[in-house]
Number of protein chains: 4
Amino acid sequence: MSQRWGQVLPPREEQYELKRRAALEAAANAFNAHGFYKTSLGDIAAELGVTKAALYYYFKSKDEILFECHTLAIEAMTSLPAISEDLSGLQKVEAFVLGYVDMIVQSFGRCLVLTGTHPLEPENAEKCRAGRRRVHDLLVDMINTGVKDGSIRSQDARLTANFIFGALNWVAQWHRPDGRDDIVRISHDVKDFVINAIAADVSTKEGA
Amino acid sequence: MSQRWGQVLPPREEQYELKRRAALEAAANAFNAHGFYKTSLGDIAAELGVTKAALYYYFKSKDEILFECHTLAIEAMTSLPAISEDLSGLQKVEAFVLGYVDMIVQSFGRCLVLTGTHPLEPENAEKCRAGRRRVHDLLVDMINTGVKDGSIRSQDARLTANFIFGALNWVAQWHRPDGRDDIVRISHDVKDFVINAIAADVSTKEGA
Amino acid sequence: MSQRWGQVLPPREEQYELKRRAALEAAANAFNAHGFYKTSLGDIAAELGVTKAALYYYFKSKDEILFECHTLAIEAMTSLPAISEDLSGLQKVEAFVLGYVDMIVQSFGRCLVLTGTHPLEPENAEKCRAGRRRVHDLLVDMINTGVKDGSIRSQDARLTANFIFGALNWVAQWHRPDGRDDIVRISHDVKDFVINAIAADVSTKEGA
Amino acid sequence: MSQRWGQVLPPREEQYELKRRAALEAAANAFNAHGFYKTSLGDIAAELGVTKAALYYYFKSKDEILFECHTLAIEAMTSLPAISEDLSGLQKVEAFVLGYVDMIVQSFGRCLVLTGTHPLEPENAEKCRAGRRRVHDLLVDMINTGVKDGSIRSQDARLTANFIFGALNWVAQWHRPDGRDDIVRISHDVKDFVINAIAADVSTKEGA
DNA sequence: AATGAATGAGCATTCATTCAT
DNA sequence: AATGAATGAATGCTCATTCAT
């Protein structure tokens with residue numbers, strides 16, 4: 001079959017991944033729109049034009065679907081565009097914030113924040129929490145770096161990271177992709193907000 | 001019985017309210033701990049030492065229970081200790097933030113943030129959203145006041161309010177009442193965080 | 001109390017009966033309007049302005065309430081105004097029909113026909129069926145009498161009685177007390193219908 | 001499997017309809033035997049040897065099951081064997097009565113009469129009432145035809161139709177399929193009963 | 001690679017009934 | 001004579017999951 005169609009159709013294996021990915025995307029969007037528990041496997045299947053049972057060819061449970069969504073989001077977060085080592089702590093935070101907001105407004109990022117870990121089975125929930133802790137530590141390290149190099153005022157880095165994640169994650173709650181606030185504007189403003197909140201002194205601040 | 005025990009037992013009407021309140025508290029805590037959908041009415045009833053059916057004497061549905069939790073939280077938020085009119089916009093925000101954090105870490109406040117409106121029936125969900133919009137507007141007004149009186153730097157007040165609510169609400173996600181971070185410490189730090197983020201210039205800032 | 005009010009208030013015992021009767025009437029009407037199973041004890045109580053629990057002072061179960069309604073109806077049917085012995089079988093049937101229709105459109109009569117015996121506990125159901133059999137036999141006897149005295153054409157009396165009861169009972173289904181067909185008219189027409197159906201020959205018929 | 005067994009097994013689609021129909025039949029019989037409310041979905045499922053949940057593959061609610069039973073009954077009633085146009089009004093009624101009795105003693109016909117519309121959701125109840133009104137009108141028209149052509153004595157056609165339906169429907173109440181009165185006998189007798197009741201004069205009557 | 005059919009477990013909800021007061 | 005409060009049992013319904021085809 002794939003030979004008859006020449007190179008038009010991707011090889012079977014790749015098709016599998018493609019479909020799997022499409023299913024995850026559809027699932028994440030449905031979860032974001034109506035909540036995990038108000039989204040049945042039938043809903044997701046219908047969205048894809050297949051049967052409930054077909055999903056079990058790609059996933060072994062509803063839990064796994066959510067887990068994969070979370071995993072993809074966490075992977076995206078931990079592999080944000082490499083941040084140059086030359087930058088000051090504050091500049092690193094700035095770069096991180098910009099990259100993070102971009103993630104958080106997409107399907108999987110929103111899913112991570114909006115759905116939370118409650119629905120996950122204990123084992124998977126723990127894996128996700130570990131992943132999020134890694135992301136958290138990333139930011140904490142940057143803050144500590146900044147405090148040491150004098151670009152960030154002295155403060156409890158762990159708490160501060162939580163505040164920042166709060167401001168960023170919350171975007172997923174109120175931002176509507178089709179709304180009036182385009183994401184570029186938001187990124188810029190939230191970056192200013194965070195930088196002002198933590199910068200050591202006025203001279204390093206922007207947007208004031 | 002009530003005569004024999006003197007004034008120890010409250011009158012029946014008050015007992016009703018007391019029990020109802022206790023049920024709401026138990027429900028909110030259960031929702032916060034395991035999520036709305038993983039909490040069955042049986043769980044809540046068991047926690048209270050009564051039967052599932054007994055809950056229906058006080059509430060007409062599971063939905064109503066959640067709705068009441070949200071309503072109580074919203075009422076608490078809109079009736080935060082009156083903030084003096086003499087204060088600058090920035091000072092008002094400061095007072096608001098401190099009061100808000102106190103609410104958000106309690107049963108109903110956490111429930112509001114953690115459960116969200118997805119599980120609610122459309123009608124009740126809309127009422128809650130309206131309530132939250134009122135709270136949002138409260139903060140927006142303070143920010144605008146601050147911009148006018150020069151205590152807060154110029155910026156999009158609506159967006160800024162969202163960032164602040166993000167930092168504050170997120171506390172409900174990561175703070176464990178029994179954890180190492182006591183709430184006084186958090187309140188103080190998050191207040192500094194917010195004030196620094198929005199203040200007009202360094203002279204008005206604290207905690208740097 | 002009853003002395004203070006002189007003879008105005010009936011003696012306590014009679015009051016009990018009065019209230020009991022009122023409750024039965026309310027129950028029958030509710031059953032007729034919405035069906036036995038869609039009528040809760042709370043509905044009946046509300047109609048009477050008392051509490052669900054109060055009904056248990058007068059009846060020991062919902063089943064008993066329905067049973068009493070049926071019993072009252074059957075009593076009314078078996079004690080229709082005595083029919084003179086001098087009459088022909090056909091004339092007896094005529095008198096019976098007129099009396100029966102009057103019963104069937106009232107609360108308890110309608111309740112008997114509309115509710116049926118399904119909801120009753122086996123024991124009570126059997127009692128009711130026995131009562132209805134007695135009524136049935138009453139009519140069968142009249143028909144047999146008529147066949148013997150030549151006023152009614154020869155036919156299976158048991159079957160014929162069933163047909164007649166069908167025509168009569170069905171009135172409870174379609175007749176609305178507030179509707180356009182007043183009961184006098186109906187009585188007259190259904191009597192003609194029945195008489196024509198069973199009379200021996202045209203000479204005895206009316207209403208043609 | 002279906003190949004191995006040749007044409008013995010009907011195609012899948014047809015099997016679906018067959019099972020659905022069997023479920024309806026089982027339901028109707030159970031309703032007739034114990035009443036709608038004393039019949040749980042579990043009872044029906046058990047009768048069919050499947051699970052409660054399996055029924056939801058074929059019907060979306062208990063209400064729908066009853067509604068379908070009623071619908072089938074009404075369809076059967078409105079599509080009684082076409083009655084020749086050449087017949088007199090009286091002869092048409094005669095044909096109608098015979099056909100109707102055949103329906104009323106079968107599962108769905110009995111269900112229609114015995115269960116009534118109370119249990120149905122308002123919307124479905126209204127549809128059923130409309131259907132029954134159509135059947136009623138059918139008979140009214142025949143009577144009016146008969147009055148015009150002189151075969152039926154002058155009388156209120158609507159009331160008369162009600163009396164006839166009463167005699168016919170009531171058969172569902174007292175007739176036991178396994179009883180001593182076979183349905184042929186009943187049909188014949190009730191037809192005589194009705195014809196005598198409405199015929200214009202003795203010459204057209206039968207069975208006297 | 002996907003489907004139709006069926007299952008089992010769980011859950012919210014209703015309601016007749018009880019009982020201390 | 002009546003009530004408030006609570007119970008237990010039953011029931012309709014949903015949904016993730018399975019499996020033969």
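Residue numbers start from 1 in every chain, and the chains themselves are labelled A, B, ... in the order their sequence lines are given, proteins ahead of strands.
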Phosphate OP1/OP2 of F:dC13: any D:Tyr56 side-chain N/O under 4.0 Å: yes
Nearest listed nucleotide, side chain of B:Leu41, among E:dA12, E:dT17, F:dG12: E:dA12
Rounded distance (Å) that lies between atom C1' of E:dG10 and atom OH of B:Tyr37: 15 Å
Distance, rounded to the nearest Å, where B:Glu121 contributes CD and E:dA12 contributes C1': 12 Å
Between F:dG12 (P) and D:Lys38 (NZ): distance, integer Å: 14 Å
Euclidean distance, atom CG of residue B:Leu55 to atom C1' of E:dT14 [Å, nearest integer]: 14 Å
Protein-nucleotide distance (C:Ile44, atom CD1; E:dA16, atom C1'), rounded to Å: 11 Å
Short side-chain N/O contact from B:Tyr57 to OP1 or OP2 of F:dA5, under 4.0 Å: yes
Sugar-phosphate only, base, or nothing, as touched by C:Tyr58 at under 4.0 Å among non-hydrogen atoms: sugar-phosphate
Nearest-nucleotide 5' precedence on DNA chain F, C:Val50 against A:Ser61: C:Val50
d(NZ, D:Lys62; P, E:dT14) in whole Å: 16 Å
Gap between atoms OH and C1', on C:Tyr16 and F:dA2 respectively (whole Å): 13 Å
For atom CD of C:Glu13 and atom P of F:dA1, their distance in whole Å: 10 Å
Heavy-atom donor-acceptor pair, B:Lys52 side-chain to E:dT13 base, under 3.5 Å: yes
From F:dG8, F:dC15, F:dG12, nucleotide with atom closest to B:Ala53 side chain: F:dG8
Of C:Asp63 and D:Gly49, the one whose closest DNA chain E nucleotide lies more 5': D:Gly49
Main-chain N/O of B:Phe67 paired to B:Asn124 side chain as donor or acceptor, under 3.5 Å: no
From F:dG4, F:dA1, F:dA5, nucleotide with atom closest to C:Lys19 side chain: F:dA1
